[in-house]
Amino acid sequence: MGLPDFWGYQTCREFGFYQTCETNSSCMFTRGLVTLDRFTSGCQRYGISPAQIEANVKDTNAHYGGLRPSGPDGNLGTCVVWPNGEVDPWAGLSVMEAPSEDQPALYVEGASHHAWTHPAAPTDQPTWLSSRG
């Protein structure tokens, strides 16, 4: 028996972020292979409907400040970095412009969000290697 699908539950309950490429979209990946319906139908196992997912996302954004993240007191946090990459599917939902000097936003050409979690490799994009200093 494996671990429960924590990420699946969290997307249904808080984020609603589904990496899709709808048939009539202009995304760079295979269109129609992974659809929004495919993801949201998985939330039914938790008793969460598509309408509830939408409400959950609104609640999460209200709680955390959406694209201008703040604490419970409404003030911006400090010592936060928003890393984003050109081929990072999260970049569409990330903070792309620094909300303050204490929350810089970074954008690296040719990088995905997992580039920050792995050591540099000879196969990395030149732009990514140069950004790592």
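Keep in mind that this is a model prediction, so the values were computed, not measured. What's counted below: heavy atoms across the whole structure, side chains too, no hydrogens, waters or symmetry copies.
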Minimum heavy-atom separation for S25 to R31, with atom names? O-NE, 3.0 Å

For residues [X] and [Y], determine if any side-chain heavy atom of one lies less than 4.5 Å from a side-chain heavy atom of the other.
X: D5; Y: R45; answer: yes
X: I53; Y: Y18; answer: yes
X: T35; Y: R38; answer: yes
X: E14; Y: T60; answer: yes
X: V81; Y: L106; answer: yes
X: W82; Y: N84; answer: yes
X: P69; Y: Q103; answer: yes

For residues N75 and S70, is any side-chain donor paired with an opposing acceptor at under 3.5 Å? no

Could you list all the disulfide (SG to SG under 2.5 Å) pairs where at least one residue sits in residues 23-73, not counting sequence neighbours? C12-C43, C21-C27

Got more than 12 heavy atoms from elsewhere within 6.0 Å of CD, E97? no

Whether over 12 other heavy atoms sit under 6.0 Å from Y64 OH: no

So, taking the atom named [atom1] in [X] and the one named [atom2] in [Y], what distance separates them when rounded to the nearest 0.5 Å?
X: S100; Y: L76; atom1: OG; atom2: CG; result: 5.0 Å
X: I48; Y: T40; atom1: CD1; atom2: OG1; result: 11.5 Å
X: Y9; Y: F15; atom1: OH; atom2: CZ; result: 12.0 Å

Side-chain donor or acceptor of R13 paired with backbone N/O of Q10 under 3.5 Å: no

Looking at E86, is its backbone amide N or carbonyl O close enough to the side chain of E109 to form a donor-acceptor pair, meaning the two atoms are under 3.5 Å apart? no

Is Y46 reachable from L36 through a run of I, L, V, M, F, W or Y residues, each pair having side-chain heavy atoms under 4.5 Å apart? yes

Partner residues of R68 under the salt bridge (charged side-chain N to carboxylate O under 4.0 Å, His left out) criterion, sequence neighbours left out: none

Derivation of the side chain to side chain contact (heavy atoms under 4.5 Å, CB included) call for S49 and Q44: CA-CA 6 Å; S49 69; Q44 292 174 5; over 6 Å; no

